[in-house]
Amino acid sequence: MIEMHDVWKTYPNGAVALQGISVRIDKGEFVYVVGPSGAGKSTFIKLMYREERPSKGSIFVNGFNIERLKERKIPLLRRQIGVVFQDFKLLPTKTVRENVAFALEVIEASPKKIRTRVAEVLELVGLSEKATALPTELSGGQQQRVSIARALINNPSVIIADEPTGNLDPETSWDIMRLFEEINNRGTTIVMATHNKEIVNTLKKRVLAVEGGQIVRDQKRGVYGYEN
Ligand code: ADP
Ligand code: ADP
């Protein structure tokens with residue numbers, strides 16, 4: 001489902017972010033990506049949805065050859081991958097429903113299909129009652145639920161999340177993690193960069209530890225392994 005072979009990434013300013021990453025993530029896995037700040041976690045994640053391109057090496061996601069992918073094919077890839085960010089990245093002037101519907105409107109899905117699907121994903125994340133609210137009217141946890149609903153709208157086979165609980169208090173973080181677990185239990189692969197030691201050590205999953213742009217540890221049901 002996701003396969004990297006000897007992937008290197010050097011940014012234009014010369015910063016070497018990844019040095020020879022090889023990894024395989026199968027369908028249905030839940031994977032934490034941990035490591036110190038500057039280790040290369042975000043870069044590793046950005047390569048998967050083609051926000052960044054590798055300098056060297058091969059990356060396959062859902063059969064897409066990432067380094068050869070033509071610009072005009074990027075939307076096709078992104079429809080099969082949901083992305084969730086630490087800072088939510090919601091459109092501030094659009095309602096919850098509009099934020100979630102956006103990706104379906106872009107592909108000109110029928111109004112009926114949009115209505116049905118938006119209702120489904122809002123139900124799944126527990127926000128049906130907030131469909132007409134604006135993001136500013138919601139708590140951080142609710143905003144993250146909206147962004148998860150948006151990521152799910154095209155029924156992607158993979159969800160990629162970069163520090164999704166980074167801006168949330170501990171209790172809300174747990175709620176959001178339970179939601180990710182539920183999504184994973186329905187068969188969606190999840191790859192999540194996180195600094196949340198308590199969550200990683202409690203909800204045991206596969207752990208990829210990245211340091212200095214390399215995978216230094218790959219454990220099934222692993223531990224966080226850093227002071228923080
Ligand atoms: P992490 O997510 O683990 O904090 P990053 O992938 O953000 O690590 O960063 C890895 C290295 O690449 C760091 O040295 C960082 O400064 C550098 N880096 C990340 N993004 C860029 C960028 N857009 N341009 C230049 N250097 C970058
Ligand atoms: P994170 O906490 O997710 O690692 P950062 O705060 O490191 O994020 O980076 C925020 C943004 O700045 C990212 O999009 C990253 O690519 C970019 N960035 C990080 N380091 C550098 C850098 N040295 N030069 C330019 N851009 C960078």
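Just follow the structure's listing: the first ligand is 1, and inside any ligand the first atom is 1. Throughout, numbering of the chain's residues begins at 1 and tracks the sequence.
- Using a 4.5 Å heavy-atom cutoff, the side chains of Leu152 and Ile159 are in contact.
- Heavy atoms of other residues, nucleotides or ligands lying less than 6.0 angstrom from CZ of Phe85 number more than 12.
- Of all atoms in ligand 1, listed by their number and element, those nearer than 4.0 Å to a heavy atom of Ser37 are 4 (O).
- Residue contacts with ligand 1 leave out Gly35, since none of its heavy atoms falls under 4.0 Å from the ligand.
- Criterion: ILVMFWY side-chain heavy atoms under 4.5 Å apart, direct or through other members. Under it, Val83 and Val121 are not part of a common hydrophobic cluster.
- Not a single N or O atom of Glu52, backbone or side chain, sits closer than 3.5 Å to an N or O atom of ligand 1.
- Here atom 4 (O) of ligand 1 lies nearest to Gly38 when heavy atoms of Ala193, Gly212, Gly38 are compared.
- Side chains of Leu18 and Leu47 form a contact here, defined as non-hydrogen atoms less than 4.5 Å apart.
- In the vicinity of Asn13, heavy-atom distances shorter than 4.0 Å reach the ligand 1 atoms 25 (C), 26 (N).
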Open item on the list: Please determine whether salt bridge (Lys or Arg N to Asp or Glu O under 4.0 Å) holds for the pair Glu29 and Lys220, giving the CA-CA distance in whole Å, both sets of side-chain angles, and the decisive distance to 0.1 Å.
Closed with: CA-CA 10 Å; Glu29 282 198 81; Lys220 283 193 168 124; over 6 Å; no
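- The Pro36 neighbourhood of ligand 1 comprises atoms 3 (O), with distances under 4.0 Å to a heavy atom of that residue.
- For ligand 1, the atoms sitting less than 4.0 Å from at least one non-hydrogen atom of Lys41 are 1 (P), 2 (O), 3 (O), 4 (O), 6 (O), 8 (O), numbered in the order shown with element in parentheses.
- Within ligand 1, counting atoms from 1 as listed, the ones closer than 4.0 Å to a heavy atom of Ala15 are 26 (N).
- With respect to Arg178 and Glu181, no salt bridge is recorded, no charged nitrogen being found less than 4.0 Å from a carboxylate O.
- Every residue two or more places apart in sequence or in another chain was checked for a salt bridge (Lys or Arg N to Asp or Glu O under 4.0 Å) with Arg78, and none qualifies.
- Against a heavy-atom cut-off of under 4.0 Å, Ala39 is close to the following atoms of ligand 1: 1 (P), 3 (O), 8 (O).
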